[in-house]
Amino acid sequence: LADSASEIMRVPLEFALALKNVAKTDLFETRRTLEVELASVAAERRTTEDLEAMRRALIQMEKTMGDPDAWCRTEPEFHSCIVRAARNGVMATIIEMLSQMLIESRKETVRLLTDYTSSYRSHENIYVAVEKQDPAAAAKMMMEHFALIEMRAKKSSASTAVEGAQ
């Protein structure tokens, strides 16, 4: 039995996307687009409880800096807090599906992380914008966060290509 609506929808979506040979970059771009909007909406709708949950997630992230496996368990919780604070069931379901489908590539990206401090600060900047109830700043901070992820992934691709050529 499926645990949630996203689980019910995920399998047929994964199958349809596999048939169309959709690239992981397409999924990442979709997730980025949604999370930027979710950060903006979360800044408008967040409650004190939402902020407390985000702060707890940040504390856990700070404790796991330098440990890729632990970071992979704690960092997604911060993003989940943003999703919950936005209070949009449709976007939450889509993000949950995308996150499940991107879990392996997310782990790969985290394993490439050498500068945990800048990643942590990026999350903290999102938190500050949400706390201040500044939707434009929250969206900007989330966009910058995804730009860091893309930059890391591109560096990894370039170094893998160089290593493969040797």
Side-chain angles (χ1 to χ4, degrees), residues 1-43 45 53-54 57-58 60-61 64 67-116 118-123 125-127 129-130 135 138-164:
L1 205 61
D3 291 339
S4 67
S6 68
E7 185 62 27
I8 292 167
M9 293 169 52
R10 184 177 60 83
V11 174
L13 180 62
E14 282 179 342
F15 182 70
L17 293 175
L19 284 177
K20 290 185 176 197
N21 202 20
V22 171
K24 279 191 169 116
T25 53
D26 292 349
L27 295 173
F28 175 81
E29 288 169 359
T30 303
R31 180 177 158 233
R32 178 188 59 208
T33 301
L34 287 172
E35 286 207 42
V36 167
E37 180 63 21
L38 284 163
S40 175
V41 174
R45 298 179 181 170
M54 285 178 222
L58 284 169
Q60 289 306 309
M61 288 171 62
T64 63
D67 180 344
D69 292 329
W71 186 270
C72 273
R73 289 188 303 273
T74 60
E75 190 266 353
E77 177 55 26
F78 179 81
H79 289 268
S80 294
C81 290
I82 297 289
V83 171
R84 285 191 298 272
R87 290 172 177 67
N88 183 306
V90 173
M91 283 199 281
T93 299
I94 293 168
I95 283 291
E96 190 177 330
M97 286 186 312
L98 291 173
S99 293
Q100 288 299 315
M101 294 186 318
L102 287 168
I103 198 119
E104 287 309 313
S105 65
R106 215 170 177 177
K107 286 179 183 175
E108 289 168 27
T109 305
V110 168
R111 288 196 192 345
L112 305 171
L113 186 59
T114 54
D115 184 2
Y116 284 84
S118 70
S119 183
Y120 176 82
R121 280 196 194 119
S122 159
H123 289 85
N125 290 341
I126 296 164
Y127 169 82
V130 170
K140 181 178 188 266
M141 293 298 104
M142 186 64 82
M143 185 61 91
E144 288 179 9
H145 172 63
F146 275 90
L148 278 174
I149 295 168
E150 278 186 293
M151 192 172 61
R152 252 194 336 263
K154 284 178 183 170
K155 275 185 188 175
S156 167
S157 295
S159 66
T160 303
V162 169
E163 289 168 12

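Because the structure is a prediction, the values reported are computed rather than measured.
Residues L98 and T30 form a side-chain contact, since some pair of their non-hydrogen atoms from C-beta on lies under 4.5 Å apart. In this structure, the side chains of V130 and M54 come closer than 4.5 Å at one or more pairs of heavy atoms. Looking at heavy atoms from C-beta onward, E77 lies out of side-chain contact with Q60 at the 4.5 angstrom threshold. Side-chain contact between I82 and Y127: absent, with no pair of heavy atoms (C-beta onward) separated by less than 4.5 Å.
To the nearest 0.5 Å, the span separating CD1 on I126 from CG on L58 amounts to 9.0 Å. Put simply, OG1 on T74 and OH on Y120 are 10.5 Å apart, with the number rounded to the nearest 0.5 Å. Within the model, atoms CG of D67 and CG of L113 stand 11.5 Å from one another, a figure rounded to the nearest 0.5 Å. Interatomic distance, CD of E35 versus CZ of F146, reported as 4.0 Å (0.5 Å rounding). We find the CZ-CD1 distance between R84 and I95 to be 13.0 Å, quoted to the nearest 0.5 Å. Remark: H145 NE2 to N125 CG distance equals 11.0 Å, nearest 0.5 Å.
Not a single donor-acceptor pair under 3.5 Å links the side chain of S122 to the backbone N or O of S118. Formation of a donor-acceptor pair under 3.5 Å by the R45 side chain with backbone atoms of A86 is found in this model. One N or O on the side chain of H123 and one on the backbone of S119 form a donor-acceptor pair closer than 3.5 Å.
Y116 pairs by the ring pair (Phe, Tyr, Trp, His ring centres under 6.0 Å) definition with W71, not counting sequence neighbours.
Contact between S40 and P135 at its shortest, heavy atoms only, is OG-CB, 3.3 Å. Heavy-atom minimum distance, A43 versus A138: CB-CB, 4.0 Å.
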* For side chain to side chain contact (heavy atoms under 4.5 Å, CB included), just list the numbers for R32 and E150, CA-CA rounded to whole Å, side-chain angles, deciding distance to a tenth of an Å, and then say yes or no. => CA-CA 10 Å; R32 178 188 59 208; E150 278 186 293; 3.0 Å; yes
